[in-house]
Structures are given as C-alpha cells and as structure tokens.
Amino acid sequence: MSLATQPASLLLMSPEDNCLIARTALACGDVVAIDGQPVTLAQNILIGHKVARRALAVGDKVLRYGALIGSITAPVAIGEHIHTHNLASDYIPTFTLGQDGHHFLDKDDQA
C-alpha cells in the first residue's frame, strides 16, 4: 500500500499543535505522512502517543489540543516520539495533596 492510499495513522487534534497522536501502534521504519510529507519513523510509537509534527529544540513548548502540555528537554526530529524522555510537564497543580493523598486544606479553609 502506498503512502497516498494509507489511512491516516497520525491525528492532528488542533491546527496549532506541534505534535500528532498515533491512531495505531507504529513500528520503527514505518513511513507516515506529516503535513503531506513522507517521514520514516526512527522508533516504535505506541497508540495514543505523541509524534513531533516538526523539529523541536530544547525549551520549545509542546501544544496538544491547542494547549501547552510541556517543554522539550532534548532535541526532537520531525516524526520522533515525544514522551517523558524528552518532554517535561508544564502542568501547574491547582491544589496541594496531603501525605495521605487527599486534598490538603489550609487552616483558614477548615470549618
């Protein structure tokens, strides 16, 4: 099956995203279309994992669903797997957990 007749194996969630989501498990050596260009994958990509839509440098912000999800910690080539080995989360906690894993209330919040 040629690249042109293959079903899309990568999903773009939002036009501003710089990552794509694997719709199926992909193998090292598979050729996928990224913005209409053939790209040979350099590693296996699990279903649901992120793939770089373009080359990313250290410090670049990663957008998924049009929202910031993290910062690149090592250079990433187009088509490369984006995961914890090259992405640091930029999520900011909205609450604090106590040692028991439950929401920690400040003394002023307690009734």
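All values below come from the heavy atoms of this structure, side chains included, with hydrogens, waters and symmetry mates left out.
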Mark yes or no for whether Asp60, through its side chain, and Ala55, through its backbone, hold a donor-acceptor pair below 3.5 Å.
-> no

Going through the checks in order, is the side-chain contact (heavy atoms from CB on, under 4.5 Å) test met by Arg23 and Leu10?
-> CA-CA 6 Å; Arg23 296 178 65 185; Leu10 298 171; 6.0 Å; no

Residues Leu41 and Ile45: closest non-hydrogen pair is CD1-CG1, 4.2 Å

Could you grab the distance from atom CG of Asn18 to atom CZ of Arg64, nearest 0.5 Å is fine?
-> 12.0 Å

Show your reasoning for whether side-chain contact (heavy atoms from CB on, under 4.5 Å) applies to Asp35 and Ile78.
-> CA-CA 11 Å; Asp35 293 334; Ile78 185 171; over 6 Å; no

Which is it for Leu87 and Lys50 under the side-chain contact (heavy atoms from CB on, under 4.5 Å) test, yes or no, and what are the steps along the way?
-> CA-CA 11 Å; Leu87 178 71; Lys50 296 171 293 303; 3.9 Å; yes

His85 and Thr73: which non-hydrogen atoms are nearest, and at how many Å?
-> O-OG1, 4.0 Å

Going through the checks in order, is the side chain to side chain donor-acceptor pair (under 3.5 Å) test met by Ser71 and Asp90?
-> CA-CA 7 Å; Ser71 300; Asp90 283 347; 2.9 Å; yes

Report the residues that fulfil side chain to side chain contact (heavy atoms under 4.5 Å, CB included) with Ser14, sequence neighbours left out, ordered by chain and then residue number.
-> Glu16, Asp17

Close side-chain approach of Cys19 and Arg53, heavy atoms under 4.5 Å | no

Taking Gln43 for the side chain and His81 for the main chain, is one N or O donor matched with an acceptor at less than 3.5 Å?
-> yes

Verify the cluster assignment for Ile69 and Ile72: are they in a single hydrophobic cluster under the rule of side-chain heavy atoms below 4.5 Å apart?
-> yes

Take Leu26 and Val32 through the side-chain contact (heavy atoms from CB on, under 4.5 Å) test and state the conclusion after the steps.
-> CA-CA 9 Å; Leu26 302 168; Val32 297; 4.3 Å; yes

Non-hydrogen atoms of Ala52 and Ile34 that approach each other most closely = O-CD1, 3.8 Å

Within one Ile-Leu-Val-Met-Phe-Trp-Tyr cluster: Leu12 and Val39, side-chain cutoff 4.5 Å = yes

Find out if a path of hydrophobic residues (ILVMFWY) with successive side-chain heavy-atom gaps under 4.5 Å connects Ile21 to Tyr65.
-> yes

Heavy-atom check, side chain of Val51 versus side chain of Ile82, under 4.5 Å | no

